[in-house]
Amino acid sequence: MTVIAVIGGGITGLALAHRLRFRGKDAVLLEAGSRLGGCIETRQRGGFITEIGPNSFLDREPATRELAASVGVEDRIRTADPAAKARYVYTRGRLRSVPASPPAFLKSTILPLGVRLRVVAELFTGPAPQGVDESLGAFGRRHLGHGATEVLLDAVQTGIYAGDMEALSVGATFPQLTKLEREHRSLILGAIRTQKAQRKALPAGAGGSEKLRGALCTFDGGLQTLVDGLARALGPAAHMGAKVEGLQRGNEGWRVSVTENGRQAELLASQVVLATPAYVTAGLVRPLDEQLSALVEGIAYAPIAVVNLGFEPGSTPPPDGFGFLVPGLEKRRLLGAIHVSTVFPFRAEGGRVLYTCMVGGARRPELVKLDEEALVALAREELKELAGVTTSPSFTEVIRWTRGIPQYNVGHLGRVASIDAALARLPGLHLAGNAFKGVGINDCIRNAFALGDALAA
Ligand SMILES: Cc1cc2nc3c(=O)[nH]c(=O)nc-3n(C[C@H](O)[C@H](O)[C@H](O)COP(=O)(O)OP(=O)(O)OC[C@H]3O[C@@H](n4cnc5c(N)ncnc54)[C@H](O)[C@@H]3O)c2cc1C
């Protein structure tokens, strides 16, 4: 009995099951829902291609490219339009463009002069406090000062975690920042040195900083293209409507209890990977190890609502840039908006305009409970006040994620280490997914590949 059961058909489970099969293992994917993709789903309606969850990924993760290539969709990757280069932050009463270089930052009005000068003083930041899992807010204030942290750092985390920067752990959410600090003390110095070294290592004509940052991408049919490619590659090895209800460890391996399309079944597996959300995983491991279950259950999620608003051609001017983010200190109801039709023009037919608005997050969780009509009204009011969009949309769509984005709060790294230690007591059981070591699509795929390779070895 050598079957490996992968439970949960989001991008983590899909990438993992595919990797295992690619490496010659007999992996079976069990997904409770009637479709694969988890948080990823693309819809096509009324001339718009909309996403219910993630919109894009940065093309800088080799595992993501490799996955796309191995399921035959690499040539369907689409890069963001050059018009989407600019990014905006709503601060001090209007949208202000985020400067793209240090000289541009010094000249820009994104922050008042004194606050910009305080950022330059980052060069003289003292060494990091030892053995402390610092919050993102505290880390930011130590390096950049209060003003820049409240505006810029908070905007950046809002775009990824929709979190509360006083609760998030800097080491867990932005490990690249703590690495820069460890190695160079100052983030500015570290960034300059790292970029120099990376540029040197790039072959001539490879595209400089764009190549380093990674271009923003999706697929011609939205992110669903990747999910569909994986579904095709997995074929009958992917079971939908297969809800895992329990796990038991026996002498001969693992017994996985599944309700598949209303029928009870049992699968014997040598290894089991739970690629389910943390709150599902906690329930499944509770009968095996109470302490492990409590650790996993302690991972919080921020609720988030996605409000897609589509406009007929010519009814509203196409917005410039990728979109905008709203830091918490502005006390607005919108977290930010993506100018989807500017970033990926093919996602809005014939010159239509498409905005994806984000509402709620750890800051305003109560807003996600509003009904759809109220969420559309809220998004429209906010778009009007923040971005001057006054016309009525011809298309609206609301998706409410009551448990949307895992929050890597202070203590998360220690929690993950304790989870790993507890798992060592349960040989053959593995946990994966966005709750542990990275929330981005790239993180999920990279971690799935690493686990797949380890299990196949
Ligand atoms: C609104 C939003 C916007 C985002 N934007 C971006 C973005 O632009 N770029 C980016 O890189 N990332 C983004 N993310 C993050 C990214 O989408 C997710 O982290 C990632 O898709 C999670 O994948 P996963 O496979 O780990 O989990 P999930 O997608 O949650 O998959 C878990 C799967 O487990 C299944 N399951 C649950 N219980 C059971 C059970 N008992 N038995 C069997 N199956 C079960 C579920 O049905 C689900 O399919 C966004 C997330 C959200 C919510």
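Residues: numbered from 1 along the sequence shown. Indexing begins at 1, ligand by ligand and atom by atom, following the structure's order.
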Could you tell me whether R425 and D289 make a salt bridge, using a distance below 4.0 angstrom between a side-chain N and a carboxylate O? yes
Check each atom of ligand 1 against the heavy atoms of V439 and keep those under 4.0 Å away; list them by number with element. 15 (C), 16 (C), 18 (C), 19 (O)
T276 heavy atoms, cut-off 4.0 Å: which ligand 1 atoms fall inside? 34 (O), 36 (N), 37 (C), 38 (N), 39 (C), 45 (C)
Look at K384 together with E382 and state whether they make a salt bridge at an N to O cut-off of under 4.0 Å. no
Touching ligand 1 at all, A435? Heavy atoms, strictly under 4.0 Å? no
Between R333 and E381, does any NZ, NE, NH1 or NH2 come within less than 4.0 Å of an OD or OE carboxylate oxygen? yes
For atom 38 (N) of ligand 1, state which one of V6, L274, V227, V280 supplies the nearest heavy atom. V280
Any luck finding a side-chain donor-acceptor pair between S394 and R352 under 3.5 Å? no
Using heavy-atom distances, let me know which of H239, K243, E31 sits nearest atom 49 (O) of ligand 1. E31
Short list, please: which atoms of ligand 1 are under 4.0 Å from a heavy atom of I7? 42 (N), 43 (C)
Parallel, tilted or perpendicular, as decided by the 30° and 60° cut-offs, for the rings of Y355 and F311: perpendicular
Distance-only N or O hit between ligand 1 and V244, under 3.5 Å: yes
Numbered in order shown, the ligand 1 atoms found under 4.0 Å of a heavy atom of V306 are 1 (C)
Inter-residue atom distance L216.CG - K85.NZ, 0.5 Å rounding: 12.0 Å
Which is closest to atom 26 (O) of ligand 1 in terms of heavy atoms, I338, T12, I405? T12
S56 heavy atoms within 4.0 Å reach ligand 1 at atoms 7 (C), 8 (O), 9 (N), 10 (C), 11 (O)
Before accepting this row, confirm whether a basic side-chain N of the pair R45/E397 lies closer than 4.0 Å to the acidic partner's carboxylate O. yes
